[in-house]
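These notes concern the structure reproduced below.
Residue numbers count from 1 along this sequence.
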Amino acid sequence: QVQLVESGGGLVQAGGSLRLSCAASGRPLNNYAMAWFRQAPGKEREFVGGVDWSAGWTYYSDSVKGRFLISRNNAKYTLYLQMNSLKPEDTAVYYCAAKGGPQVHFSYRVYDFWGQGTQVTVSS
């Protein structure tokens with residue numbers, strides 16, 4: 001089992017920045033992929049970006065590429081999402097997720113472990 005706890009959400013004006021954190025515990029994350037998803041009201045859960053935990057390769061959706069940055073702290077088993085140039089359409093609940101196997105996948109259905117989510121609201 002992997003337990004995930006997100007933090008760092010909040011309210012920010014358009015153009016601003018936020019950094020989300022996801023602290024993982026329960027087992028080492030070697031051979032795992034971790035990802036950030038988001039879900040706005042009435043919409044399906046959407047892939048934001050992910051990382052092969054061991055190799056460090058990162059992947060992003062087109063909607064956030066160039067604005068968001070994923071990083072990780074191996075020693076602290078913590079995943080980060082630095083969000084810059086935020087837009088009102090980035091407003092959503094953001095979730096951290098983990099899956100066995102290093103390949104990052106775009107579908108939320110293949111992820112085994114989820115955090116509780118953190119609200120990000122971007123005002124115009």
Side-chain angles (χ1 to χ4, degrees):
Q1 287 283 350
V2 176
Q3 292 80 42
L4 303 172
V5 178
E6 301 104 335
S7 61
L11 173 65
V12 64
Q13 287 189 328
S17 298
L18 279 175
R19 189 176 82 155
L20 306 183
S21 300
C22 173
S25 61
R27 63 169 58 185
L29 296 175
N30 297 333
N31 204 38
Y32 271 72
M34 293 191 70
W36 290 98
F37 287 81
R38 65 187 182 186
Q39 189 165 19
K43 295 189 175 181
E44 193 169 72
R45 196 162 293 191
E46 173 191 23
F47 175 81
V48 174
V51 61
D52 171 336
W53 189 265
S54 295
W57 298 326
T58 54
Y59 306 85
Y60 299 92
S61 68
D62 288 343
S63 62
V64 307
K65 198 174 294 182
R67 299 189 297 124
F68 290 11
L69 181 67
I70 289 174
S71 62
R72 76 202 194 290
N73 183 319
N74 270 324
K76 295 183 177 180
Y77 290 131
T78 301
L79 180 71
Y80 302 99
L81 180 67
Q82 177 67 43
M83 304 185 293
N84 301 318
S85 302
L86 283 160
K87 305 175 182 179
E89 51 264 44
D90 294 318
T91 295
V93 177
Y94 283 70
Y95 296 92
C96 173
K99 60 175 284 289
Q103 291 88 6
V104 174
H105 202 286
F106 298 161
S107 172
Y108 67 89
R109 293 180 174 87
V110 305
Y111 286 79
D112 304 304
F113 306 103
W114 291 87
Q116 81 285 359
T118 185
Q119 177 71 46
V120 171
T121 304
V122 184
S123 64
S124 56

Output all residues satisfying side-chain contact (heavy atoms from CB on, under 4.5 Å) with [X], sequence neighbours left out; order by chain, then residue number.
X      : result
Val110 : Lys99, His105
Ala23  : Thr78
Asn84  : Ser17, Gln82
Ser85  : Arg67

Just to verify, what does [X] make a side-chain hydrogen bond (donor to acceptor under 3.5 Å, both in side chains) with, not counting sequence neighbours?
X     : answer
Trp53 : Asn74
Asp62 : Lys65
Arg45 : Gln39
Tyr32 : Arg27

Which residues pass the ring pair (Phe, Tyr, Trp, His ring centres under 6.0 Å) test with Tyr111, sequence neighbours left out?
Phe37

Pairs satisfying disulfide bond (SG atoms under 2.5 Å apart), at least one member in residues 4-123, at least two apart
Cys22-Cys96

Name all residues meeting the salt bridge (charged side-chain N to carboxylate O under 4.0 Å, His left out) criterion together with Arg38; count only those two or more places apart in sequence or in a different chain, and write none if there are none.
Glu46, Asp90

Pairs involving residues 67-96, ordered by first then second residue, that meet ring-ring contact (aromatic ring centres under 6.0 Å, His included) (sequence neighbours left out):
none

